Amino acid sequence: MLVEVLYFAEFKDITKKDTEKFDLSSKNLKELIDLLIKKYDPMLELLLDKKNESLSNNISVIVNNKPIHGQDVLSIFLNEGDKIALLLPVSGG
Amino acid sequence: MLVEVLYFAEFKDITKKDTEKFDLSSKNLKELIDLLIKKYDPMLELLLDKKNESLSNNISVIVNNKPIHGQDVLSIFLNEGDKIALLLPVSGG
Amino acid sequence: MNETKELRSGIYNKGEITLDEIIKSVKNNPKIKNVGSIHVFTGIVRESSKEGKQVKSMKIDSFDDMANITIDDICESLKKKNGIIDVKIVHFKGDFSLSDDLVYVVVGSAHREEGFDAIKNAVDLYKKKIAVWKREDFIDGTSKWIH
Amino acid sequence: MNETKELRSGIYNKGEITLDEIIKSVKNNPKIKNVGSIHVFTGIVRESSKEGKQVKSMKIDSFDDMANITIDDICESLKKKNGIIDVKIVHFKGDFSLSDDLVYVVVGSAHREEGFDAIKNAVDLYKKKIAVWKREDFIDGTSKWIH
């Protein structure tokens, strides 16, 4: 199942890409996060909390331009073609 | 003794002039005010208080670009060539 | 060599200076690198007077000598405040139609908080202090100097 | 016939729109006769970072879709306030030098008091809410995304 990740700010600098597609076997966000961290070392510190157990409080998850709220964001289901953005806190000019 | 009066706002509309020279025999402001009121009826209400005894509290007196303060403004001395402005409260745009 | 002269705050004839020129002048301030925000207030002719009468046009009269002195005083006193790099006030005189620009206030500040305070302050001060008067000309043919 | 289209608030490439065009768009608002003051905030690149490091240049990245939605929300919510006739927010993205314009906020209001409140509000809201990030590039060759 293909999903697309949109990169902004640090993520764009790390990946040198605007977007990237990933092929997921499970259908939840956790697998995508694991793939990202495996491919891009510096993402670990940005994406996970200090115990490397759950998503950092700094990260907002956006799927298809909709913000995802809730306690257990890592286990949300993803669908074929979803566009996922992982956002650090904003800082308008 | 010639002095010059500068007109602004209502005073400009009443006199249809920017400035006007007056020849004073005494050297104080009171004579000038009397001449103005004599020549231009509508100035009475603008310049004097309700009892027609002293200058209205609304009026600021400026002589040679210097504001004149004090209780007894009508009796201040004027000199040959003085430029006198009688200002109503301001209202910037 | 920078050929742009610093723009003088003060009284000008209607339309004699554009807001763009004032902002450019602030951007030419030698301390512009310290500026993080530029704040602008533009006063324009509104159709409805304070008492609700319908305004057709406006006349602004000015005692230029006195108004220029007071405008400079206001700008200099605000520039002494922490974080305020530049302050310009340009007030027009003459005959104005609805929505015409009457006055520009421009503030360049290190941070936005100081800038918001300073521009509010500058507007309050020029409204109270500079020797400028406005006459509203109403659609019913009457007129009134505002005080 | 008025050929000027209403200018859309949102994310634009650096320099794609001028402040003058935004102000003209506010002046073309059908309710412009009710406006007595136009307020402008311009955020520009400051040389000194919050920690005092010397900034050489700045990069702005934006999640356009989300930022445009949030900018529209901010403008619409402020336009519901009493006396607020128009609100425009234009945020640029790309590579910026010192003193380059990063963002314009323009408010047209019936009276100045509402306008001062609304523009402060608009700036606080876009800084907190819109999906835009800035990276300061320092003269020592290092860089930092601000959060």
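Below, read A as the first sequence line, B as the second, and so on, with proteins coming before strands; counting in each chain starts at 1. Atoms considered below: every heavy atom in the structure, side chains included; atoms not considered: hydrogens, waters and symmetry mates. Small disclaimer: the values here were computed from a predicted structure and weren't measured.
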Next on the checklist: Other residues, nucleotides and ligands only: do more than 12 of their heavy atoms fall within 6.0 Å of NZ on D:Lys27?
Outcome noted: yes
Checklist entry - Nearest heavy-atom pair of A:Ser91 and D:Ile146: which atoms, and what distance? => result OG-O, 2.7 Å
Checklist entry - Does a sphere of radius 6.0 Å around NZ in D:Lys14 hold more than 12 heavy atoms from other residues, nucleotides or ligands, not counting ones at 6.0 Å or beyond? => result yes
Checklist entry - Is there a donor-acceptor pair under 3.5 Å between the side chain of D:His91 and the backbone N or O of A:Gly93? => result yes
Item to check | Which portion of D:Ser62 sits near chain A, non-hydrogen atoms under 4.5 angstrom | outcome: backbone
Checklist entry - For A:Asp13 and D:Arg135, what are the C-alpha separation, side-chain angles and deciding distance, and is it a salt bridge (charged side-chain N to carboxylate O under 4.0 Å, His left out)? => result CA-CA 10 Å; A:Asp13 283 355; D:Arg135 189 187 70 202; 3.0 Å; yes
Checklist entry - Is chain D contacted by the side chain of A:Leu88, its backbone, both, or neither, given a heavy-atom distance below 4.5 Å? => result both
Next on the checklist: Please check if the number of heavy atoms outside D:Lys79 that lie under 6.0 Å from its NZ is greater than 12.
Outcome noted: yes
Next on the checklist: Heavy-atom cut-off 4.5 Å, strictly under: side chain, backbone, both or neither for D:Lys129 against chain A?
Outcome noted: backbone
Checklist entry - Can any side-chain N or O of D:Trp133 pair as donor or acceptor with the backbone N or O of A:Phe8 at less than 3.5 Å? => result no
Item to check | Neighbour count above 12 (heavy atom, 6.0 Å) for A:Lys27 NZ | outcome: no
Checklist entry - What are the two closest non-hydrogen atoms of A:Ala85 and D:Phe63, and how far apart are they? => result CB-CE1, 3.6 Å
Item to check | Greatest number of heavy atom pairs closer than 4.5 Å to chain A - which of D:Asp61, D:Val123, D:Ile69, D:Ile130 | outcome: D:Asp61
Item to check | CG (D:Asn13) with more than 12 external heavy atoms under 6.0 Å | outcome: yes
Item to check | Pairwise distance CG(A:Leu87) to NE2(D:His147) - rounded to 0.5 angstrom | outcome: 10.5 Å
Checklist entry - Hey, are the side chains of A:Ile62 and D:Met66 touching, using non-hydrogen atoms and a 4.5 Å cut-off? => result yes
Checklist entry - Any chance CD of D:Glu21 has more than 12 other-residue heavy atoms, nucleotides or ligands included, within less than 6.0 Å? => result yes
Checklist entry - Any side-chain heavy atom of A:Val90 sitting closer than 4.5 Å to one from D:Lys128? => result no
Next on the checklist: Does A:Asn57, at its CG atom, have more than 12 non-hydrogen atoms belonging to other residues, nucleotides or ligands within less than 6.0 Å?
Outcome noted: no
Next on the checklist: Counting only heavy atoms from other residues, nucleotides and ligands, does the tally under 6.0 Å from NZ of D:Lys53 exceed 12?
Outcome noted: yes
